[in-house]
Each structure stands twice: as structure tokens, then as C-alpha cells.
There are 2 protein chains.
Amino acid sequence: MSQQRQGSTPGEADGVPAFPDLPEATIARLPEYLRALHHLAETGAETVSSEGLAAAAGVNSAKLRKDLSHLGSYGTRGVGYDVALLIDQIEYILGLDKNRAVCLVGVGNLGHALAGYAGFASRGFRVVALFDADPKKVGERINGLAVQHIDDLDRVAAEEGIAIGVIATPPGSAQAVADVLVAAGVTSILNFAPGVLSVPPNVDVRKVDLAIELQILSFHEHRKASLTALPGGRSAEGGNQEAVGS
Amino acid sequence: MSQQRQGSTPGEADGVPAFPDLPEATIARLPEYLRALHHLAETGAETVSSEGLAAAAGVNSAKLRKDLSHLGSYGTRGVGYDVALLIDQIEYILGLDKNRAVCLVGVGNLGHALAGYAGFASRGFRVVALFDADPKKVGERINGLAVQHIDDLDRVAAEEGIAIGVIATPPGSAQAVADVLVAAGVTSILNFAPGVLSVPPNVDVRKVDLAIELQILSFHEHRKASLTALPGGRSAEGGNQEAVGS
DNA sequence: CGCGATTTGTGCACGCCTTCACAAGCGCCT
DNA sequence: AGGCGCTTGTGAAGGCGTGCACAAATCGCG
């Protein structure tokens, strides 16, 4: 099974993708593996063991092997995984070979930062359009990109083939923006505004709430303080270093 | 400061905190409940049913009831939950009644935005110090707060009683910053830099990687595209609207 | 050519989380 | 006072994810 090292992009010949039914937990870890692999590739490594890659990604090696086994065996027993091959494989699975177009709505405090965030471009995403509802912001150039009015979103999204939208507006506007995005054909939304978005079932929403992350940390602070106040205060074995993704 | 536990707030009357051993999954949802409750309180509601609150928070009502049952029964059968009481209870559990001091390291693109993010202050966190390693940035005022050099972190953290740190530096500096934070007594870190941080076991780390969120969405885009290409193209039952905390 | 060292891939068991379904409790109305 | 409808709290079942432990596979070396 491992012999079929098809040099071409690890896809399928014809129209049958036979898309692997990956567990969500695995999907959430693939980007982390990918980052670690890129780092390894830069250092010149050609192969990695599951142990090595697991350490670089901050996970258990058994978990890593099981994750990778889900997307087809691309390792060699006794040797490890081919770094370049695995990168191609994961990037294909994640659909990063498409250089996906992303639009961002809401050029406020956070939106500004996101528009200039280098981490997007370096990992296969192009921010191709910025929108805002405030006429005073329309025309402003950020990182070489002009802010457009949200009324133009529908047209621009069609022109550029945008399928992913990022919402960085105040909470009150988020649902309205989501509706506009959905109407424009966007099927994946990354939402930075607090609150729950209501969208059709075929649209995926991921939410990042910065305050929630702090609140979770606050809980652990509270817990640790309670424990150390107690006589039997163990030094907090609780799971630290947990990634945030699902 | 004042890590002393006080049993006066909603907690039990006697001296034993008996800190509820909440499941991680529950903890991650409490902030969302809290936000929904605040919203309800603003609209004047005095009580909520589990059904209503669950809808507002975007979860299953059974899950919400079980979550709330873990922190002691504060509902009334046949009526629902007292909004104000529940807010107090959750804020106590999360330790938000302490108005926790937070410091932020790395005043770049993202750090700038985080320093000005209103959502922190409005939810019980005070950003009391900003740090950067770049001397050119030291002294710059953001939102009325002056950027200090990271060499002063140790002293300032002690003075202000900072237990939570936010890392918004480039990836290459993240580990070094984490070491400084830990040495200064910080026990909770929110890390926005890609990569794995290595910290002592008593320090909690949560990671937010914006690019990873997009990559996960990209996967679902890829999957949806593959499915629609298939004859039996189901209309994506996949879990949408999933919060990122988990 | 065979053997040992090494590493992957996976069967299995365990624990956590989710979800259903329902008994217990509460208030209101008659 | 009693009954009725509504809502919470929870026992139980099922599913998912994790981690262990080991068989299978591969390479290098004598």
C-alpha cells in the first residue's frame, strides 16, 4: 500500500475524490503538523519519525500516527515520513493548493491587524478584498488594498470567486454581515465578533473570541489559586498547553 | 494580589471551596453562556429557560442543563434560571470578579489591535502593561498606555500582580518571551504566535492561531467542493457553527 | 542472505462528552 | 386544596477520541 508513491499531486485520477472521512479532531491538528513540517523542511530534513514530528507539533506520537494513517499511509516503517511528500499530502487534503481568496469585513481595530497579518499570505490565503460599512473608511488603503463599501461585496465576491469571509465587525453588525456574505455565495466564515451567527446548514462557521480565551485562562487561575490555598495543594497537573482548535 | 479565597460570593457558605471539578468542555462554554446572559439582562429578562439560553448560546439545551448542573443547581423547576444569579455564579466560577491584570508582549500589527480591543476591558480584564523588545517602540502610547521594554517585564509584573500574559510577537521570539513571562511569575499565557511553547507544568497555555482557523475552513471548502462534484452530493451535514474553544 | 534495530500502522480498552428520555419539583389556575 | 403544565436535573446509552502495546514491515550491516 505504501508503495504507490505517485509523484504527482496526491490526488485522484478522475472525478472520484473518495474524500477521506477525517475526524474533526484530526483535521484541527493537521495545520499544526503542516507548520512543523515546513519548519523541518527549512532545516533540510528529508524524513521525520512520528516521534520527532509529534514533539515538534506538541502532541502524542501515537495520536500523530493515527491521524496520518487516516489520510492514507505515507510513511515508511523503520524510516519515518518523507517530509516533502507529507507536506504535499496535507496541503492537498486541506485544499491549500488552491491559494484561496478571502475577504475581510470590518476594518476597525482588529480588522486592520488581520488585513496586514503576514501569516495568512504565507500559508496559502490571499486577502483579496476589504469591506466596511463606514463611508469614511472606504478608499483607505491597507497593505496596498483599498477598502470598499460593503454594498459592493456581492459583486466583488462573484468577480474574485471568494468562498471564505472573515468578520471583524462589532458584535451588533455581525449577523447582518454574515447574511450579506452568505447571499454573496460565501460558504465558510471566520467570525471574530462575539455572539452566535445563524447561517444556512451548508455554510461553515468558526468562531474566535479573544475574550473567551482569556476567561478560560482566568478560570484556571482561579482554580490554581484555590488549590494552593488548600493544604493538599498539588501543583496543578491539569492539562496545560492545550491548543485551541476544537 | 489577594489570592485569598473568600467564601462570601456565591460559593458555599462554609470554608471548603470544594472547587467544582468542571469538565474542560463545560468550562469552554461558560463564557458563551455568560455573554448570552448579559445580553438577556440588558433586555430586561429576569429568568431564562434552558431552552432559551441554549438557543442564545448556540448549544443543545440538554448540554446546557448538564453544564449548569455541574456548578450547583441554580435553576427553578417550572420557571427557569434567574439571570442575575446565574451571571454572578458563572463570573465567580470563572474568577472574573477579580478584574484580572493582563500584560501584552509584542506591539506589532496584531498586538496593536489587541491592546485596543474593547472586548477585554468589558469582560473583566485590564490590560495594564505593554512590552516590546524593539527600543523604537518603547515609549509609544497605545490607548493611553505606554509601551515598556521587555527587560522591565519582571519588575512591572511583580508590581502589578500580573498572572496572565498575552504573546503577540513573531514566532521566533515567542519561546523566549514565554520564558520571561514564566520567570516573572505569570501562570497563564495566551499565545497568538504559531508554534509550540514549552512551559513548566503549572503554567497554562492557550493558543490561538488565526491561520489554522482558516486552514480548517479551507478543508471544509475542499470537502464541500468534492461532495458537490459527486452524484449523490449530500448538502453537507457536517457540523457547522462550531465554536473554537472546545 | 539473514538478523537485529527501528519505526509505522492498528486492535483494543478506557474515559470523556453528548444526547435522549424521564422522574422530580415548582407554580399557577380553578 | 388539588391538579395540570412546564422546566429542571439526571440516569443511562451511545459515540468519539486518546493512548497503550504490539505485530508487521523496512533498512542497514555483517
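Quick note on labels: first sequence line is chain A, next is B, and so on, each numbered from 1.
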If you check the [X] side chain, which of [options] turns out closest?
X	options	answer
A/Arg29	C/dT19, D/dC27, D/dT18	D/dT18
B/Arg65	C/dA21, C/dT7, D/dG19	C/dA21
A/Arg77	D/dA23, D/dG11, D/dT8	D/dA23
A/Ser69	C/dC26, D/dT18, C/dT10	C/dT10
A/Ser49	C/dT8, D/dT7, C/dC20	C/dT8
B/Ala25	C/dG9, C/dC17, D/dG19	C/dC17
A/Ala62	C/dC20, D/dG9, D/dC20	D/dC20

If you define the side chain from C-beta out and look only at heavy atoms, does anything of A/Thr169 sit under 4.5 Å from A/Val105?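 Touching, per the 4.5 Å side-chain cut-off.
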Working to the nearest 0.5 angstrom, can you tell me the gap between B/Leu53 CG and B/Ser61 OG?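 Between B/Leu53 CG and B/Ser61 OG, I get 10.5 Å after rounding to 0.5 Å.
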With rounding to the nearest 0.5 angstrom, report the CZ to CG distance, B/Arg223 to A/Asp204.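 Between B/Arg223 CZ and A/Asp204 CG, I get 6.0 Å after rounding to 0.5 Å.
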What is the distance, to the nearest angstrom, from the [atom1] atom on [X] to the [atom2] atom on [N]?
X	N	atom1	atom2	result
A/Lys63	D/dA21	NZ	C1'	17 Å
B/Leu86	D/dT8	CG	C1'	13 Å
A/Leu64	C/dT8	CG	C1'	11 Å
A/Asp67	D/dG17	CG	P	10 Å
B/Glu51	D/dT8	CD	P	8 Å
B/Leu53	D/dT7	CG	C1'	14 Å
A/Tyr81	D/dC27	OH	P	15 Å
B/Lys66	C/dC17	NZ	P	12 Å

Measuring to OP1 and OP2 of [N], would you say a side-chain N or O of [X] lies under 4.0 angstrom away?
X	N	value
B/Asn60	C/dC17	no
B/Ser50	D/dT8	yes
A/Ser73	C/dG9	yes

- Using the salt bridge (Lys or Arg N to Asp or Glu O under 4.0 Å) rule, take A/Arg29 and A/Glu32 through it: C-alpha gap first, then chi angles, then the decisive distance, then the call. CA-CA 5 Å; A/Arg29 284 187 292 266; A/Glu32 194 67 44; over 6 Å; no
Are more than 12 heavy atoms from other residues, nucleotides or ligands located less than 6.0 Å from atom NE2 of A/His38?
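Enclosed.
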Assuming nearest nucleotide by heavy-atom distance, tell me which of A/Pro23 and B/Gly78 is located more 5' along DNA chain D.
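The answer here is B/Gly78.
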